[in-house]
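The next block holds one structure in the form of C-alpha cells; read it before the comments.
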Amino acid sequence: PWIKCRVVITIMCFLGFCNVYALRVNLSLAIVVMVNDTEAVSQPHKIFDWNHTEQGWLLAAFFCGYILTQVPGGWLAQRFGGKYIFGVGVVMTAVLTLVTPLAAYISVWCLVGVRILEGIFEGVTFPAAHALFSKWAPPAERSRVVTFAFAGQYVGTVISFPLSALLSVYGFDGGWPSVFYIFGIIGIIWFIFWLLLAFDSPATHPRISQSERKYIESSISEAKVETKHVPVPWLQIFLSPHVWAIIVSYFCSNFGFYVLLTTMPTYFSQALGFSLGKGLILNGIFSAIPFAFEAVVVIIAGPLADFLRSRYLSTTVTRKLFTSSSLMLSALFLLLCGYFGTSPHIALSLLTAGVGFGGLGLAGHAVNHIDLAPRFAGVLMGISNTMGTVPGIIGPVVAKAIAHSQNDPREVYVEWREVFLIAAEIYIFGAIVYAILADGKKQWWAEGVKCRNGRWVG
C-alpha cells in the first residue's frame, strides 16, 4: 500500500478522538443557550430553567459513567483486541448524542442519564487505543504516534466549540438541537470507515506489507499473535510506585483540564458577557483557541520527545521533563489568569498558554504506560484514567458551586480566581509527585508473573 498501515491506524484513532471529544464537549457550549434566561422571548428554542446545581451535574454526569469502564475497557481490549472495543465506544456515544434533545425535553434527569450512558461507552476508548498502540507503535515512533492520535481530542474540541455556537444560533430545529444531530451523524460515518480500515495487530491486517509487518513485529513482541492469555498482575501493578506516579499525574493534570473543558464557555459568558447571538459565536471561538494551541503543542511534543530520547536523554528523564514542565507551566498561567485576566484578550492569552502547555504531558505520562508494560498498556491506561476521571466528576460541580455570580463583575472575577487557584495547586502537587516517582523502563512484571510451579499469577 502507498501509505503505511500503522499510519492509517494512527490517523483513524486521531479522527476517532476528534469525534469523541466533539461529542463530549458540545453540551458545554450548547448549555449556555439552553439555560439562558435573558432575551428568552427572542429565542426560537426552549429555554430550560435548570439551576446551577443541575447544570453542574449535567456537565459532570458524563464522567460518572466514564469512570466505570476505564479498567474494564482496558481488560477487554487486552483480552479481545482494541478494534471493536474502540469502535463500539465511539459509535454508541454518537447514537446517544442523537437522542440528547429528546432527553432534554423529557427532563433534566433523563438527560443526566443519557450523559452517564455516553460516558460508559466512551470510557473504553482510551484504554482500547493504548491496547492498539502497544501492537502498532514501534518504540522509536511511540511518542509521536500516541501524541498525534491523542491530539484528536483537542482538534475535536476546537471544532466542536465554534461549530456548536454557530449551530446554536443558525442551526435547524430551533438551533441547539442541531448541535447534537450533526455530531452524532459524523460519529456514525466515522465508524463505517473504522470497520474497513482498522485491525487489532499487524498479524491480523490483510493488506499490510511484509516489510512493515516484519519491522513492527521485530520491534514489539506484543505485536505478534499471542497463543496464550497472560493474566494481569494486579498486585504488582498496584504496588508499583511508577504506576502511582502516572495515576497521580493523570488526576492532577485532568483536574484543570476538565474544569476548563466543561466550564470555559460559562467563564466567558459570566466574566466577559459572551452569551447570546454573535457573543455566543465569539464565546465558541474564544473557548476553542486554547485547545487549538494545545493541539499544536501535542503534535510538536511527540517528535521532540522521540528525538531527545534517541540522542540525549533517557526515557525516564524525557517523561519526567515533559510531564512536570506541562503541569508547572499550566499552574503558572492559571495563576496569572486568576489575578490579571480582567479583559477578554488578556484572559484568552493566559488561558491559551495554561491549557496549551498542558499538552506537553502527552509526551510524558500519557505514553508512560507503554514504557512500563506494553502487554498491559490498556489496563494501565484504564487504571490511571479511572483516577483521572474523578476530577471530571467533581471539577464542574466545584466550579459551578464557587463561580455562580451573574451581575457583579468584581465578584465574578474573585470567584473564578478561586477556581483557577485550586486547579493550579493541584497541578503543582502532580508535578512534584511525578518528578520523584516516575520511571521509563520496562518493568519486571511486564510479561506477566509466574509462581515457582510455573503457573501464571493474576
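For clarity, every value in this text was computed on a predicted model and none was experimentally measured.
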- Item | Heavy-atom side-chain proximity of Phe191 to Val90 below 4.5 angstrom | no
- Ala377 and Ile370: which non-hydrogen atoms are nearest, and at how many Å? CB-CG1, 3.9 Å
- Task: Inspect the surroundings of CH2 in Trp57 and state if more than 12 heavy atoms from other residues, nucleotides or ligands are less than 6.0 Å away.
- Result: no
- Message: Using modelled atom types and a 3.5 Å cut-off, is there a donor and acceptor pairing between side-chain atoms of Ser384 and backbone atoms of Met381?
- Response: yes
- Look only at the side chain of Lys83 and the backbone of Ala198, and say whether a donor-acceptor pair between them is shorter than 3.5 Å. yes
- Task: In sequence, state the C-alpha distance, the side-chain angles, and the governing distance for Tyr339 and Phe420, and then conclude on ring pair (Phe, Tyr, Trp, His ring centres under 6.0 Å).
- Result: CA-CA 9 Å; Tyr339 285 97; Phe420 295 151; over 10 Å; no
- Query: Once you round to the nearest 0.5 Å, how far does OG of Ser349 lie from CD1 of Ile289?
  - Reply: 9.0 Å
- Item | Any donor-acceptor pair under 3.5 Å from Ser249 side chain to Gly430 backbone | no
- From Ser253 OG over to Leu362 CG, what is the distance, rounded to the nearest 0.5 angstrom? 8.5 Å
- Note on the structure: Closest non-hydrogen atoms of Pro233 and Trp445, given as atom of the first, atom of the second and distance, are CG-O, 3.8 Å
- Looking only at heavy atoms, what is the nearest atom pair of Pro241 and Leu437, with distance? O-CB, 3.7 Å
- Message: Around atom OH of Tyr84, are there more than 12 heavy atoms from other residues, nucleotides or ligands closer than 6.0 Å?
- Response: no
- Query: Among Tyr170, Tyr105, Tyr181, whose ring pair (Phe, Tyr, Trp, His ring centres under 6.0 Å) with Trp176 holds?
  - Reply: Tyr105
- Message: Any donor-acceptor pair under 3.5 Å linking the side-chain atoms of Asn26 with those of Ser160?
- Response: no
- Task: Heavy atoms only: give me the nearest Leu360-Ser325 pair and the separation to one decimal.
- Result: CD1-OG, 3.9 Å
- Item | Side-chain heavy atoms of Glu294 within contact of Phe257, under 4.5 Å | yes
- Query: What's the spacing between Leu111 CG and Leu58 CG if we round to 0.5 Å?
  - Reply: 5.0 Å
- Query: If every non-hydrogen atom of Gly184 is compared with every non-hydrogen atom of Ala94, which pair is closest and at what distance?
  - Reply: O-CB, 3.4 Å
- Does the side chain of Arg417 come within less than 4.5 Å of Leu421's, by heavy atoms? yes
- Nearest 0.5 Å please: distance from the CD1 atom of Ile393 over to the CD1 atom of Ile67. 4.0 Å
- So, does Thr69 use its side chain to make a donor-acceptor pair with the main chain of Pro72 at under 3.5 Å? no
- Query: So, do Ile436 and Ile432 sit near enough that their side-chain heavy atoms are less than 4.5 Å apart?
  - Reply: yes
- Min side-chain heavy-atom separation Phe17-Phe86 under 4.5 Å: yes
- Query: Taking only residues two or more places apart in sequence, or in another chain, which ones meet Asp306 in a salt bridge (Lys or Arg N to Asp or Glu O under 4.0 Å)?
  - Reply: Arg144, Arg309
- Item | Sidechain-backbone polar pair: Asp371 side chain, Gly440 backbone, donor-acceptor under 3.5 Å | no
- Query: Taking the six-membered ring for Trp, are Tyr427 and Phe255 ring centroids under 6.0 Å apart?
  - Reply: no
- Task: Start with the C-alpha distance between Val398 and Val419, add both sets of side-chain angles, then the distance that settles side-chain contact (heavy atoms from CB on, under 4.5 Å), and finish with yes or no.
- Result: CA-CA 8 Å; Val398 170; Val419 173; over 6 Å; no
- With sequence neighbours left out, what residues match Asn19 under side-chain hydrogen bond (donor to acceptor under 3.5 Å, both in side chains)? none
- Message: Can you confirm whether more than 12 heavy atoms, excluding those of Trp190, are under 6.0 Å from its CH2 atom?
- Response: yes
- Query: In Å, rounded to the nearest 0.5 Å, how long is the span from NE2 of His369 to CZ of Phe133?
  - Reply: 12.0 Å
- Task: Evaluate the side-chain proximity of Val88 to Trp194: yes if any heavy-atom separation is below 4.5 Å, no if none is.
- Result: no
- Message: Using side-chain heavy atoms (C-beta onward) and a distance below 4.5 Å, is Asn254 in contact with Thr389?
- Response: no
- Message: Using only atom types and a distance under 3.5 Å, with no angle test, would you say the side chain of Glu122 pairs donor to acceptor with the backbone of Ile120?
- Response: no
- Query: Just checking, any donor-acceptor pair under 3.5 angstrom between side chains of Ser324 and Arg319?
  - Reply: no
- Could you give the distance from CG (Leu68) to CZ (Phe63), rounded to the nearest 0.5 Å? 13.0 Å
- Task: Check whether any side-chain N or O of Thr323 sits under 3.5 Å from a backbone N or O of Lys320 as a donor-acceptor pair, and report yes or no.
- Result: no
- What one should report as the nearest heavy-atom pair of His130 and Ala366 is NE2-O, 3.0 Å
- Task: Taking side-chain hydrogen bond (donor to acceptor under 3.5 Å, both in side chains) as the test, write out the residues that go with Tyr250, two or more places apart.
- Result: none
- salt bridge (Lys or Arg N to Asp or Glu O under 4.0 Å) against Glu54, all qualifying residues, sequence neighbours excluded: none
- Item | Contacts of Asn385 that satisfy side-chain hydrogen bond (donor to acceptor under 3.5 Å, both in side chains) - sequence neighbours left out | Tyr66, Gln70
- Query: Phe183 versus Ser164: any side-chain heavy-atom pair under 4.5 Å?
  - Reply: yes
- Task: For Tyr154 and Tyr21, run ring pair (Phe, Tyr, Trp, His ring centres under 6.0 Å): C-alpha distance rounded to whole Å, both residues' side-chain angles, the deciding distance at 0.1 Å, then the answer.
- Result: CA-CA 8 Å; Tyr154 309 113; Tyr21 261 73; 7.0 Å; no
- Output all residues satisfying salt bridge (Lys or Arg N to Asp or Glu O under 4.0 Å) with Arg115, sequence neighbours left out; order by chain, then residue number. Glu118
- Going through the checks in order, is the side-chain contact (heavy atoms from CB on, under 4.5 Å) test met by Leu132 and Cys13? CA-CA 9 Å; Leu132 286 169; Cys13 285; 4.3 Å; yes
- Message: Please determine whether side-chain contact (heavy atoms from CB on, under 4.5 Å) holds for the pair Leu308 and Phe322, giving the CA-CA distance in whole Å, both sets of side-chain angles, and the decisive distance to 0.1 Å.
- Response: CA-CA 11 Å; Leu308 292 174; Phe322 278 79; 3.8 Å; yes
- Task: Test ring pair (Phe, Tyr, Trp, His ring centres under 6.0 Å) on Phe286 and Phe161 and set out the steps.
- Result: CA-CA 9 Å; Phe286 269 44; Phe161 276 140; over 10 Å; no
- Query: Do Trp75 and Val232 pass the side-chain contact (heavy atoms from CB on, under 4.5 Å) test, and can you show the C-alpha distance, the side-chain angles, and the key distance before you say yes or no?
  - Reply: CA-CA 8 Å; Trp75 181 85; Val232 178; 4.2 Å; yes
